[in-house]
Structure formats: structure tokens, C-alpha cells
Amino acid sequence: MELSDANLQTLTEYLKKTLDPDPAIRRPAEKFLESVEGNQNYPLLLLTLLEKSQDNVIKVCASVTFKNYIKRNWRIVEDEPNKICEADRVAIKANIVHLMLSSPEQIQKQLSDAISIIGREDFPQKWPDLLTEMVNRFQSGDFHVINGVLRTAHSLFKRYRHEFKSNELWTEIKLVLDAFALPLTNLFKATIELCSTHANDASALRILFSSLILISKLFYSLNFQDLPEFFEDNMETWMNNFHTLLTLDNKLLQTDDEEEAGLLELLKSQICDNAALYAQKYDEEFQRYLPRFVTAIWNLLVTTGQEVKYDLLVSNAIQFLASVCERPHYKNLFEDQSTLTSICEKVIVPNMEFRAADEEAFEDNSEEYIRRDLEGSDIDTRRRAACDLVRGLCKFFEGPVTGIFSGYVNSMLQEYAKNPSVNWKHKDAAIYLVTSLASKAQTQKHGITQANELVNLTEFFVNHILPDLKSANVNEFPVLKADGIKYIMIFRNQVSKEHLLVSIPLLINHLQAESIVVHTYAAHALERLFTMRGPNNTTLFTAAEIAPFVEILLTNLFKALTLPGSSENEYIMKAIMRSFSLLQEAIIPYIPTLITQLTQKLLAVSKNPSKPHFNHYMFEAICLSIRITCKANPAAVVNFEEALFLVFTEILQNDVQEFIPYVFQVMSLLLETHKNDIPSSYMALFPHLLQPVLWERTGNIPALVRLLQAFLERGSNTIASAAADKIPGLLGVFQKLIASKANDHQGFYLLNSIIEHMPPESVDQYRKQIFILLFQRLQNSKTTKFIKSFLVFINLYCIKYGALALQEIFDGIQPKMFGMVLEKIIIPEIQKVSGNVEKKICAVGITKLLTECPPMMDTEYTKLWTPLLQSLIGLFELPEDDTIPDEEHFIDIEDTPGYQTAFSQLAFAGKKEHDPVGQMVNNPKIHLAQSLHKLSTACPGRVPSMVSTSLNAEALQYLQGYLQAASVTLL
């Protein structure tokens with residue numbers, strides 16, 4: 001693509017269309033941009049547009065499109081083509097910093113993100129001058145530019161907060177510190193001075209405080225991994241200024257908005273974080289500053305109001321106290337009973353109150369409320385911080401703290417009892433206090449794992465939780481209902497099974513509650529209870545115990561999906577999946593109506609899939625329906641196909657990317673359920689599965705391979721007779737997969753199914769080519785994973801076509817190749833094979849090579865016979881060799897940049913483990929002994945002499961054990 005006005009004009013028009021609300025206009029425009037983004041100059045055209053276009057909307061649109069393009073394409077993935085040509089990469093890096101700094105803030109943010117994505121890959125090695133260019137801009141004195149640099153630096157360096165320690169990381173941080181720490185400190189001091197100079201200029205202060213917030217965030221990132229020498233030497237400067245800023249109050253920076261935190265609050269919140277970091281990690285060096293910070297932060301907490309805008313500040317300030325009170329050598333600061341009482345009274349109790357803003361969130365923004373309350377999302381709430389502080393204080397002062405709070409809890413409950421409809425918030429705070437007091441250790445999977453001995457959880461449950469849940473009206477006091485359900489969820493391991501069984505019908509009843517939070521919590525609590533494990537690792541509740549409630553449970557769960565706001569509620573769908581899984585055949589009578597409801601839901605959400613967890617559990621529930629029904633009645637598979645195929649066809653035709661891998665997994669499950677030949681409806685689909693476009697999306701690969709394996713297992717004869725022209729396409733897929741380090745194992749799964757199931761004559765003409773491709777890959781890049789798969793394949797081939805056929809195909813490619821493969825690959829590497837079925841295949845294959853391959857007995861290959869036997873005994877007896885060569889020690893993280901549907905394995909669509917030699921060989925050691933016996937009868941005297949002269953003593957002893965177990969001898 002030329003950098004021409006005509007192209008800029010075209011691009012502008014298509015960008016405009018991508019903003020159109022009408023999908024008929026928007027989708028084709030998006031597809032067009034996707035189709036041209038591989039062309040040279042495409043990113044430069046976008047940058048030119050965002051610099052020169054007169055239309056502001058187009059500028060912003062170009063900057064977002066550019067950022068997403070960088071996100072998808074900048075990373076160079078091994079085995080895949082480089083998606084951005086080198087010239088474009090160089091031009092982008094040369095211009096982007098300048099462009100970012102000279103753009104308005106909205107565009108600056110997008111470009112700043114793009115720089116940090118590029119920096120993540122290229123900095124420092126491939127972009128050495130980035131830092132210098134950024135630091136030089138500090139001199140400009142223009143805070144629009146300076147804040148642009150700071151924002152970019154923040155997005156570049158914030159990953160230091162969660163990276164694992166490594167030499168590479170330390171080298172990079174050292175490089176950054178050398179170039180950046182001093183200019184940052186100077187900028188910090190200069191900015192604070194400017195704040196005093198401009199103390200009466202509100203607009204100047206706003207810009208300066210934005211800089212101070214970014215500087216404080218950078219301080220946190222640069223100090224996170226370890227305490228840098230530079231910051232230790234300059235601690236006085238930083239800490240004194242941080243302390244001053246914590247105590248500062250400037251009327252001009254106060255905002256009238258009660259919801260949105262102002263600059264002053266954001267800055268103080270970050271300083272609390274910085275102080276907590278030093279108090280936790282560098283307490284020795286920070287010790288002399290700590291009392292000052294404790295006092296300042298204490299004063300902050302006591303004087304800050306209850307408005308929402310102060311939430312982050314208050315929760316960070318409380319978190320600071322929580323992190324300090326847990327450290328043994330700060331214990332003395334909190335020992336005094338009056339200090340503890342004062343903390344409880346002035347900090348903890350007020351911040352546990354359920355405020356008007358919480359009530360509003362509970363009713364109007366329930367999704368966010370649930371995310372915070374159930375999942376402990378990162379948005380720190382006051383309540384969570386207060387709860388953490390209670391836990392921190394209980395570490396050293398459990399007795400006194402429990403004593404102080406018990407008084408509060410009792411008086412709150414008394415207040416509630418006087419007038420429940422007015423004072424229900426008192427009971428809510430009491431339940432919250434009991435929960436935070438009682439829970440010492442907690443996991444998402446098991447609830448509370450360690451509880452405070454001083455709190456009687458069962459008594460509280462019976463007296464204060466059950467009565468709320470037993471009341472006839474499920475819509476009365478929704479917050480207290482939610483509290484009660486959450487109490488069951490959290491303390492499910494501390495409350496007896498009898499009490500939990502009493503709760504189950506009450507929870508089922510609350511699935512009908514109008515409040516989204518209440519019916520969501522009820523579904524979540526049921527799901528958690530159904531996964532609890534009993535003493536012998538079976539589920540705590542049996543299907544028989546839940547059987548009396550089956551009908552009402554399923555009815556209410558599916559009804560809950562029709563309640564306003566819950567049509568795609570992932571907690572309800574997960575509870576449906578878990579109920580199916582627990583109840584098994586008890587659900588069969590209800591399946592016909594349930595599968596109709598599930599398919600209607602699938603059709604509705606496929607129009608615009610937006611809730612990945614909901615979608616995943618929905619497909620799991622569909623798989624469970626199929627599995628449970630077809631286990632009892634395999635013929636029922638036809639009914640499922642009738643119900644599902646129309647929707648599946650629509651999903652495939654509309655290319656709903658998120659759902660395609662799921663559809664293939666469900667189809668594999670259905671196809672594997674058929675006992676005889678493949679129905680014609682599946683054969684019609686077969687050619688489409690080989691289209692290259694489907695294989696370009698990595699998320700499709702595992703599911704497609706599994707589906708093709710199901711085709712080969714069930715219909716190899718049909719394919720050979722009616723679709724023989726598709727076999728080259730099938731092998732083309734294998735060739736594509738084998739070339740990729742990431743997907744070569746999938747290529748072998750496919751190849752193994754072809755070898756195992758296809759009639760030999762249908763693949764005869766391709767066999768040699770298959771082996772040549774494998775040898776080329778071995779020469780170009782030999783990885784441990786490839787070798788393991790290769791060993792399983794050649795042994796499977798040997799079992800299927802015979803040992804002589806394997807030797808002949810190797811030597812047909814190149815004379816003496818067979819000996820090289822034995823010597824260089826099979827004998828030294830067989831120990832690396834893992835997995836019971838894989839080891840068994842290799843054992844049976846090697847046994848065939850030893851006992852059914854004449855050239856092994858009377859050619860130059862004979863010298864390899866004993867080493868091969870020795871390696872087979874090693875495979876049986878020695879531990880698996882799981883060492884990996886140094887150059888392969890890379891951490892394989894599935895973090896392909898940009899939105900690409902990752903493959904999500906459906907647990908309940910799982911493929912049964914298949915043992916291709918199960919019919920033929922039960923015990924491979926006995927099989928070896930019998931085969932050696934048979935060989936020795938054919939050439940008496942030779943086998944014992946080969947074994948006794950060359951096999952080491954230990955291996956010989958094992959071999960004699962096999963012969964005894966098989967009751968045979970060597971002649």
C-alpha cells in the first residue's frame with residue numbers, strides 16, 4: 001500500500017464505517033481492514049491519519065485501531081510469519097514517541113499503550129534509545145509532554161510489579177534505574193517546588209498533581225522488586241516529601257463530586273501504597289520513618305468522610321495499617337488496649353457500615369457488587385480493607401480484639417431486634433464483623449480453612465442466619481438474605497452436614513428472589529455445596545440425598561435465567577452444570593425439556609457472545625446432558641443431533657469465532673457416541689473441516705484434531721471409499737501442524753489416527769512422503785516434545801504394519817537409515833516417553849522390532865539388538881527421563897497478544913483414553929517374554945547367548961523375572 005492521498009481517503013472511509021451502529025455496514029468494513037492490515041505501510045497510513053486528519057473522530061478511531069493492530073501483530077511468534085515488515089517496525093519506533101507527545105491527551109493515551117506493547121517486546125535490546133528520548137523530554141518544561149512521558153514510563157515499568165525474578169529482568173531494571181532514577185527524583189523535587197509557587201493557581205495545580213501521581217506510581221514500580229541503592233541513598237528526599245504530601249490539604253484541589261476521587265485523594269492513596277511497600281519489604285531501612293507515617297495515616301483515617309470518592313484512599317490507608325500490625329517488631333505500636341479499642345471504634349466499625357452507595361450498587365449495579373463481594377476483585381472496598389485489618393490485628397491480639405468486637409456485635413443485634421425494618425443495617429454490619437473475625441485463612445475453592453476458635457459459628461448460624469432464610473418472603477430484607485447465603489458459603493466447612501442439608505431447600509427457594517444478588521448468591525452457594533468432598537473423596541452430598549429436590553432445583557435454576565438482569569448469569573449456569581454432574585441419571589426424565597431450553601439459550605447468546613464463563617458452562621451442561629443420557633440409552637444421540645445441529649450450522653455459517661471450538665468438541669462427543677458408521681450428516685461436513693482458514697486460528701486446532709480423529713475412528717472405511725480425494729487434504733493438515741513447534745503434537749495425534757484406522761491401501765502412496773516430512777522436521781528443529789511423539793508414532797506404525805515394513809520404509813528413504821534411527825533416536829531417547837498408553841505402544845513396537853524383524857538377527861543391525869532390548873527393559877524399570885535441554889527451558893505461556901479465541905477444553909466433553917494395543921497385549925512385560933521365547937524356538941541357542949554376553953546384570957535379572965512370570969524359557 002502506497003503512502004498516498006487516495007489510500008488515506010479510502011482508509012478514512014472504512015474507519016468511519018467501523019463506527020456505524022448497523023452491523024451490515026460495520027462488519028464488512030472491519031473485515032476489509034483485517035484483510036489489508038498485512039500490507040506494508042498500513043500502520044504508517046494510520047499514524048499519518050491520526051497526525052494529519054482534520055476530523056477528530058477519525059483521529060481517535062485511527063489511534064485505537066493502531067493500538068489494537070500493534071497488540072495483535074507486534075510480537076514475533078516462532079514458526080509463524082512476521083506480521084509487520086521490518087521497514088514499518090523501524091519507522092514506527094522512530095516516530096511514535098514524538099507523535100505521542102505532540103498529540104491531545106485522548107490520543108496520547110492510545111499511543112502510550114502502543115509504546116508499552118512495543119517496549120514489552122523490543123525494549124531494551126531492540127529499542128535502546130527509547131529511554132534517552134523519554135528522559136530528554138523532561139527538560140522541555142512542558143507538563144503536557146512530561147505527563148505523556150510519565151504515563152508511557154508507567155505503562156512500560158508497571159510489569160516489574162508482577163514479573164518473576166530473573167537475571168534478564170534485573171539487568172533491564174538496572175538499565176532503567178541508571179538512566180531514569182536521578183531525572184525522576186529531580187523532577188519530583190522540581191514539581192513539588194512548583195506546587196508551592198502555584199499554590200493559588202487551580203489549573204496549574206491540577207497538571208502538577210497529575211505528574212505527582214504518575215511519579216509516585218513509578219516510584220512503586222521501580223522499588224517493587226528490590227530496594228535500589230539509589231532510592232536507599234535518597235530515601236530522605238522521597239519520604240519527607242511523601243509525608244508532606246500526605247498531610248497537605250489544598251482547598252483548590254478539593255472536588256464537589258461525591259463519587260469520583262480527586263487528584264489529592266489519588267495521590268495520597270498511592271503514597272499509602274508506597275509506604276506499605278516499604279513497611280513490608282524494607283522495614284529495616286524504613287524503620288525511622290515509620291512512626292511518622294503511622295501517625296499521618298491514622299489522622300487521615302480519623303478525619304476522612306464516608307463519601308465514595310475517599311474509598312480508595314481509606315482502603316489503602318487501612319491496608320497500610322494492616323500490613324504494619326502483622327509485623328512482629330511493630331507489635332509495640334498496637335499493644336495498648338486503648339489503642340486497640342480506638343482502632344476498632346474509629347477505623348474498623350465505621351468502615352464496615354453498609355452505606356447508601358453500597359445499597360445503590362446492590363440494587364442497580366449488582367454485577368459489580370457481586371464481583372467485589374464474592375470474587376474479591378482488585379477494586380479495594382473499605383469493607384475488605386477493614387476485614388484485612390481485623391485479620392492482621394488478630395495475629396497478635398486475637399483475644400482482646402475478639403472481646404472488643406463481641407460487645408459491638410451484641411449491641412448491633414439488639415438494635416436490629418428492636419426494629420428490624422429500620423435497623424437491618426446493624427445486623428448486616430454484625431454479620432460482616434463475625435465473618436471477618438472468624439475467618440483466619442480462606443481459599444476460593446474450599447471457603448474458610450482456618451477459623452477463630454473464640455467465635456461459635458454454629459450457634460450464630462442457628463440463631464441469626466437460619467431465621468432470615470426460613471422467612472416465607474424471599475424478597476424481604478434482600479441484603480440480609482445475601483449475607484445469610486454468603487455465611488453458608490464461607491463457613492461451609494465449619495457448619496455440620498445436617499445444617500447444610502437443612503439449608504439446601506432454602507437456597508433452592510431463594511433462586512426465585514427478585515434481587516439479582518440474592519438469586520446469584522443462592523446459585524453460587526448450591527454450586528459450592530455440590531462440589532464439597534466427603535471423607536472418602538466422593539462428593540459430600542450424594543445424588544440420593546438431593547433427589548427429593550431434583551424437580552424444584554432444576555425448575556428454579558432455569559427460571560432464574562429468565563429473571564431480569566440474569567439472562568446470562570454465569571453463576572446460575574455453573575450451578576446448572578454442577579447439578580447435572582452431581583445428579584447424573586436422576587436428571588434423565590427432565591432432559592428433553594432442558595435441552596430445548598439450553599439450545600434456545602445457545603441460539604440467543606450466539607448472536608453476540610459476551611460472557612465467556614457463562615458460555616463455557618452452558619456447553620459443559622450440554623455435554624453432560626449428552627453423556628448422561630447416551631450412557632443409559634446410546635440411541636438417544638439422534639435426538640440430541642436433531643436438537644443441536646440447526647444451531648450448530650448457524651454458528652458455523654456465521655463464523656461465531658468464540659463458539660466454533662466448543663461446537664467441534666460437542667460434535668466429537670456426539671460422533672464418538674455412534675457405534676457404527678458415520679451418519680451422512682457428518683460426512684457432508686467432512687470436506688469443510690479441511691479448509692485452511694479454519695486451521696489458521698490456534699483456538700480451533702485441538703478441537704478440530706479431536707473431531708477429525710472421531711471421523712477416522714468411526715468412518716475410516718467411508719472416507720476411504722467415498723472421500724478418498726480428501727485424503728491429501730487430511731495429510732496437508734498434518735503437514736501444517738507438524739511444522740509448528742506449538743502444534744506438532746496435534747499433528748501426531750492426527751497421523752496416529754490415520755495409521756491406526758485408515759485401510760492400509762488408502763494411505764500406501766503417501767507413506768514414504770510422511771516419513772520424509774518427519775525427518776526434515778527432525779533435522780531442522782528437534783525438540784523433546786517432537787521426539788516423544790515421533791517415538792510413539794514409529795512404534796504404532798510398527799505394530800500396525802509390522803517390524804519389517806518399518807525397516808524397509810526407513811532403508812527405502814536412505815540405505816542404513818533404520819540403523820541410524822535405532823542408534824540415534826530410539827535407544828537413547830525412549831526413556832523420555834511419558835504416559836501409560838504411550839509407553840505400552842513403544843514397548844509392544846520395540847518387542848516387534850526385536851522378535852519379528854529378520855534383519856535384526858543377521859545383518860549389521862544385529863549389534864543393536866542387545867542395546868535395544870536393554871533400552872526396553874529401562875523403559876519398564878527406570879524412572880522417566882524428564883530432563884529438557886537448556887535451550888528448551890522457555891516458559892510456555894498462552895498469552896498471544898490481542899483477542900484470539902484461546903482453546904477452552906470442555907471437561908465433560910473429555911475424550912476417553914484409547915489404548916490401540918489393549919485388545920492385543922495386556923501386560924507388555926509378559927508379551928516381551930513370550931515373544932522372545934517364540935524367537936528362540938525359531939533360532940535355538942542364539943537368543944540366550946546374545947542376552948548373556950551383552951546385557952548388564954541388572955537388566956538380565958529383570959528379564960529373568962519377566963520369563964518366570966510368563967512361565968517360558970529361552971531355548
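- Judged by distance alone, with hydrogens and angles left aside, the side-chain atoms of Gln919 form no donor-acceptor pair with the main-chain N or O of Pro916 at under 3.5 Å.
- The nearest pair of heavy atoms linking Val647 to Ala643 is CG2-O, 4.3 Å.
- The cationic group of Arg89 lies under 6.0 Å from the six-membered ring centre of Trp74 and within 45° of the ring axis, placing it in a cation-pi geometry.
- There is no side-chain donor-acceptor pair under 3.5 Å between Glu658 and Asn615.
- Between Glu30 and Arg26, at least one side-chain N (NZ, or NE/NH1/NH2) sits under 4.0 Å from a carboxylate O, which counts as a salt bridge.
- For Phe648 and Phe659, the distance between ring centers is not under 6.0 angstrom.
- Looking at Asp655 and Arg697, a side-chain N of the basic residue comes within less than 4.0 Å of a carboxylate O on the acidic one, giving a salt bridge.
- Asn700 places a side-chain N or O within 3.5 Å of a backbone atom of Leu694 that can act as its donor or acceptor partner.
- Cation-pi geometry between Lys17 and Tyr14 is met: under 6.0 angstrom from the ring centre, within 45 degrees of the axis.
- Shortest non-hydrogen contact noted between Gly812 and Lys768 is O-NZ, 3.5 Å.
- Of all heavy-atom pairs between Glu568 and Ser610, the closest is OE1-OG, 3.7 Å.
- Side chain of Thr629 to main chain of Ile626: no donor-acceptor pair is present (N/O by atom type, distance under 3.5 Å, no hydrogens or angles).
- Glu672 and His914 are not linked by any side-chain donor-acceptor pair at a separation below 3.5 angstrom, with hydrogens and angles left out of the test.
- Taking the ring centroids of Tyr571 and His613, they lie at or beyond the 6.0 Å cut-off.
- Remark: Glu570 does not engage Arg371 in a salt bridge, criterion side-chain N to carboxylate O under 4.0 Å.
- Checked against side chain to side chain donor-acceptor pair (under 3.5 Å), Asp744 has the following partners two or more places apart in sequence or in another chain: Arg777, Lys785.
- Between the Asn41 side chain and the Met1 main chain, a donor and an acceptor come within less than 3.5 Å of each other.
- Formation of a donor-acceptor pair under 3.5 Å by the Thr673 side chain with backbone atoms of Leu669 is found in this model.
- Residues Ile70 and Asp113 fail the side-chain proximity criterion, which asks for heavy atoms closer than 4.5 Å.
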Report task. Apply side-chain contact (heavy atoms from CB on, under 4.5 Å) to Ile587 and Leu624, showing your working. Result -> CA-CA 10 Å; Ile587 65 168; Leu624 275 162; 5.9 Å; no
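- A donor-acceptor pair under 3.5 Å links the side-chain atoms of Trp695 to the main chain of Leu689, judged by distance alone.
- Inter-residue side-chain proximity for Phe640 and Val666 is flagged as unmet; no heavy-atom pair is nearer than 4.5 Å.
- Panel note: side chain Glu121, backbone Lys126; no donor-acceptor pair is recorded below 3.5 Å.
- No side-chain donor-acceptor contact under 3.5 Å links Ser716 to the backbone of Glu713.
- Between Phe908 and Phe580, the gap from one ring centroid to the other reaches at least 6.0 Å.
- In this structure, Phe793 has its ring center no closer than 6.0 Å to that of Phe786.
- Between Asn68 and Val64 the shortest side-chain heavy-atom distance falls below 4.5 Å.
- When side chains are defined from C-beta on, Val656 does not count as touching Val663, because their heavy atoms never get closer than 4.5 Å.
- The minimum heavy-atom distance between Gly747 and Phe734, with the atom names listed, is O-CD1, 3.6 Å.
- In this structure the side chain of Lys788 never reaches within 4.5 angstrom of the side chain of Glu838, judged on heavy atoms.
- Closest approach of Pro679 to Leu671, counting heavy atoms only: CD-CD1, 4.5 Å.
- Counting heavy atoms from C-beta outward, Glu650 and Lys607 have side chains that approach closer than 4.5 Å.
- For Arg714 (side chain) and His674 (main-chain N/O), a donor-acceptor pair under 3.5 Å exists by modelled atom type.
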